[in-house]
Number of protein chains: 2
Amino acid sequence: MRQPLPADMFDELCPSSLNPIRFGDKWAALVIRCLEHGPRRFSELRVPLRRVTPKVLTQSLRSLERDGLVRRTVRTPHVEYELTPVGRSMLEPMAVACAWAERHWDELLDARESYDNANRLDRAR
Amino acid sequence: MRQPLPADMFDELCPSSLNPIRFGDKWAALVIRCLEHGPRRFSELRVPLRRVTPKVLTQSLRSLERDGLVRRTVRTPHVEYELTPVGRSMLEPMAVACAWAERHWDELLDARESYDNANRLDRAR
DNA sequence: CAGCATCCTACCTGATACTG
DNA sequence: CAGTATCAGGTAGGATGCTG
């Protein structure tokens, strides 16, 4: 059987809010990655995405569903979310974006820090 | 000498606001593409980006500068914006994202339409 | 279990007008 | 030319509490 999603799945990596490359809304990319290896239930998704309120997670899922990237199926007594072929095809550009982010993450943070420091000094003067 | 940027550069393609894949803020990807072939001045950028107010374009440029993707240089009597190496490296994931969007654009629009129609019927009932 | 309802805040984006 | 100042609207995201 498929493994449950680890609760700390996104603790380290993917500070997607800081990444200039974004897929859909704030959590969409993480949701897609959660569905990479097969369908998941709402409550399963909530484990790694435990910092997302149910309302916001629902919004994200609805948006993905609207774009045809995710399919929502009522499989009584549960509801399952799974990637459509189009949704799955998004993994490729996501992987490229992730590779870019990993390669340039430090430069990016350094640039931001320098910029902010320079700016702070400017205002102090 | 470098060609001026065509005013209709973004009239047809890249409805980036609808694209689920986004690079930075609303206009960042277009700015980067404008700088692809060399430095540009603010007023040059305003030609293809004529629907962006100067304030918003400035914001976008500042944000790109902060992330170290664009360098702003005062080359009296002008100001020039150009891609840094990191900024240039972003062209690759952008190209991949563009390819994805082109390939799946129609599916995406169809999915949205079906979804919205189904939803409208639901509410009518 | 899988959400919805309400309320609220912050940010993004833009229109318009003005300036060193 | 290359912006800044001000004001305003809309939307995204979230806190909290409730429900079939």
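Note that the coordinates shown come from a computational prediction; the quantities given were computed from them, not determined experimentally. The sequence lines fix the lettering, A, B, ..., with proteins before strands; numbering per chain opens at 1.
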Need the bend value for the helix from dC1(C)-dG20(D) to dG20(C)-dC1(D): angle between end axes, 5 pairs each end, nearest 10°. 60°
Give a yes/no answer on whether the side chain of Tyr81(A) brings an N or O atom under 4.0 Å of OP1 or OP2 in dG3(C). yes
If the cut-off is 4.0 Å, is Ser43(A) near the phosphate of dA2(C), judged by side-chain N/O to OP1 or OP2? yes
Gap between atoms CG and C1', on Leu30(B) and dT13(C) respectively (whole Å): 15 Å
Footprint ends on DNA chain D, 5' to 3', for atoms under 4.0 angstrom from a heavy atom of chain B, come out as dC1(D) to dT6(D)
With Arg41(B), which residues qualify under salt bridge (Lys or Arg N to Asp or Glu O under 4.0 Å), at least two apart? none
Only counting residues at least two apart or in another chain, list the ones meeting side chain to side chain donor-acceptor pair (under 3.5 Å) with Glu107(B). His104(B)
Please work out which residues in residues 46-59 of chain A have a non-hydrogen atom less than 4.0 Å from an atom of DNA chain D and list them by number. Thr53(A), Lys55(A), Val56(A)
Within this structure, what is the NZ-to-P distance between Lys26(B) and dC11(C), rounded to whole angstrom? 19 Å
Mind listing the closest non-hydrogen atom pair of Trp100(A) and Ser89(B) along with its distance? NE1-OG, 2.9 Å
Sorted by chain and number, sequence neighbours left out, salt bridge (Lys or Arg N to Asp or Glu O under 4.0 Å) with Arg103(B) holds for none
If a pair satisfies ring-ring contact (aromatic ring centres under 6.0 Å, His included) and one of its residues is in residues 36-89 of chain B, list it, with sequence neighbours excluded. none
Kindly give the cluster partners of Val96(B), where membership spreads through any ILVMFWY side chain lying under 4.5 Å from a current member. Val96(A)
Taking salt bridge (Lys or Arg N to Asp or Glu O under 4.0 Å) as the definition, give me every residue that meets it alongside Glu82(B), ordered by chain and number, with sequence neighbours left out. Arg71(B), Arg75(B)
Can you name the residues that form a side chain to side chain donor-acceptor pair (under 3.5 Å) with Glu36(B), not counting sequence neighbours? none
Taking side-chain contact (heavy atoms from CB on, under 4.5 Å) as the test, write out the residues that go with Thr76(A), two or more places apart. Val74(A)
Of all the heavy-atom pairs spanning Leu57(A) and Val52(A), show the shortest one and how long it is. N-CG1, 3.7 Å
side-chain hydrogen bond (donor to acceptor under 3.5 Å, both in side chains) contacts touching residues 46-55 of chain A (sequence neighbours left out): Asp11(A)-Arg50(A)
Is Arg75(A) near enough to dC1(C) that one of its side-chain N or O atoms lies under 4.0 angstrom from OP1 or OP2? no
